[in-house]
Amino acid sequence: MAHKHNHNHSHGHHHGTSNKKALLFSFILITFFMVVEAVGGFLTNSLALLSDAGHMLSDAAALGLSLLAFKIGERQANTSKTYGYRRFEIIAAFINGVTLIVISIYIFYEAFQRFMEPPNVSASMMIIAIIGLIVNIIAAWVLMRGDSQENLNIQSALLHVFGDLLGSIGAIIAGILILLFNWNIADPIASVIVAFLIVISGIRITKDSIHILMEGKPSHVDVKEIKKQLLELQGVEHVHDLHVWSITSEFPALSCHLVVQDSIDRDNLLMKANDLLKKNFSISHCTLQLEGENARIQEECEDCSH
């Protein structure tokens, strides 16, 4: 019994250069200001600034890891890694997501200590926080010009920067309250709010990366609808062993078996099936196996024997 296969590999790699440039610029900017903010937080005794500097340290590491992921992802596929190394981007996103959660827990702990004994905090922290806000806005803007909507690695790096941006806003508000009302407890309160927002982002990015690593289906794909539309193609009698997964967040893949009428033009059917999957579901990497009508009869008999 003959089977016919088709492998469509028309995915592109145009995003890489713009993403790498955005990450490199943001990495340099964030690393430089991290040092400034850490020194400022130490001199002003501000947990909001120190926690934000600590988060910036994680940002620098996250951006560096994301850059490394893109570099490794450029390596060509081989007999050992037949899909290449692009999935390292998802591993980087997972590490970044976990880092966000760990940093948030640490900030919660430090803030709790300061709630017990609120220290004196210099309102001059607000000046450093304003500069930090500007730096983070620039870094976020640069990263958003990359493929932040599609690439989970860029999304995780962007979430780190957004966390810093929120930290700077929190430090500014705390600085205003300290300056006007001498309310030093505003510093740990601001830290807790920022940590809460960061941990939500960390959980989401970690969950999304685990979903991809576990071969979960892409969120935009409806498997039942794919099967329905494939069955509507002329000559298709049955669809089975349908699998949809992602190599990376922007590289969905599909494989399935189509039982077709013996009289159908299989080359033409393959072309129509691939066009349908690419146009209606944005899936360009497809492996389709066409089987004759006898294949389904044989499979049904084998199922009955069990």
Side-chain angles (χ1 to χ4, degrees), residues 19 21-41 44 46-67 92-93 96-108 110-111 121 123-149 151-178 186-206 208:
N19 283 338
K21 287 181 179 179
L23 283 168
L24 179 60
F25 178 82
S26 300
F27 173 75
I28 294 171
L29 190 65
I30 292 293
T31 302
F32 173 76
F33 191 74
M34 173 199 69
V35 177
V36 175
E37 196 166 39
V39 172
T44 61
S46 168
L47 175 62
L49 280 182
L50 287 173
S51 63
D52 197 40
H55 188 216
M56 272 196 161
L57 175 61
S58 77
D59 283 353
L63 291 168
L65 181 62
S66 296
L67 277 169
N96 285 340
V98 172
T99 303
L100 284 168
I101 296 171
V102 171
I103 288 171
S104 300
I105 293 172
Y106 176 74
I107 295 173
F108 280 129
E110 286 295 324
V121 180
S124 59
M125 60 177 273
M126 188 168 54
I127 299 173
I128 299 173
I130 291 173
I131 300 173
L133 177 63
I134 295 171
V135 168
N136 285 308
I137 288 174
I138 294 172
W141 178 75
V142 170
L143 287 173
M144 287 176 70
R145 295 185 68 186
D147 295 328
S148 59
Q149 296 299 316
N151 190 286
L152 193 61
N153 191 30
I154 288 290
Q155 284 184 38
S156 65
L158 185 59
L159 284 173
H160 272 271
V161 174
F162 273 141
D164 273 339
L165 195 152
L166 291 172
S168 297
I169 294 174
I172 291 170
I173 294 173
I176 293 173
L177 293 173
I178 292 169
D187 185 64
I189 290 175
S191 300
V192 167
I193 294 172
V194 171
F196 180 73
L197 295 173
I198 292 172
V199 77
I200 292 175
S201 299
I203 290 172
R204 185 181 73 80
I205 207 74
T206 302
D208 288 348

Enquirer: Distance from I169 atom CD1 to N136 atom CG, nearest 0.5 Å?
Expert: 9.0 Å

Enquirer: Ignoring hydrogens, what is the shortest heavy-atom contact between T31 and A60? Give both atom names and the distance.
Expert: OG1-CB, 3.5 Å

Enquirer: Just to verify, what does I200 make a side chain to side chain contact (heavy atoms under 4.5 Å, CB included) with, not counting sequence neighbours?
Expert: F196

Enquirer: Which residues pass the side chain to side chain contact (heavy atoms under 4.5 Å, CB included) test with V102, sequence neighbours left out?
Expert: V98

Enquirer: Please lay out, stage by stage, how L143 and L23 fare under the test side-chain contact (heavy atoms from CB on, under 4.5 Å).
Expert: CA-CA 7 Å; L143 287 173; L23 283 168; 3.8 Å; yes

Enquirer: Would you give the length of the straight line joining atom CD1 of I172 to atom CD1 of I131, rounded to the nearest 0.5 angstrom?
Expert: 10.0 Å

Enquirer: Which heavy atom in A111 sits nearest to a heavy atom in V192, and how many Å separate them?
Expert: CB-CG2, 3.5 Å

Enquirer: N96 vs L65, test: side-chain contact (heavy atoms from CB on, under 4.5 Å). Steps then yes/no.
Expert: CA-CA 8 Å; N96 285 340; L65 181 62; 3.8 Å; yes

Enquirer: Between L67 and L63, does the side-chain contact (heavy atoms from CB on, under 4.5 Å) criterion hold? Intermediate values first, please.
Expert: CA-CA 6 Å; L67 277 169; L63 291 168; 5.6 Å; no

Enquirer: What's the separation between atom CZ in F25 and atom CD1 in I30, rounded to the nearest 0.5 Å?
Expert: 10.0 Å

Enquirer: Between F32 and V135, is there a side-chain heavy-atom distance shorter than 4.5 Å?
Expert: no

Enquirer: First locate atom CD1 of I103, then atom CZ of F108, and finally report the distance between them rounded to the nearest 0.5 Å.
Expert: 12.5 Å

Enquirer: Test side-chain contact (heavy atoms from CB on, under 4.5 Å) on V199 and L100; report intermediate values, then the result.
Expert: CA-CA 6 Å; V199 77; L100 284 168; over 6 Å; no

Enquirer: Taking all atoms of both residues into account, what is the closest heavy-atom pair of S104 and A195, and its distance?
Expert: OG-O, 3.3 Å

Enquirer: With sequence neighbours left out, what residues match A93 under side chain to side chain contact (heavy atoms under 4.5 Å, CB included)?
Expert: L152, S156, S209

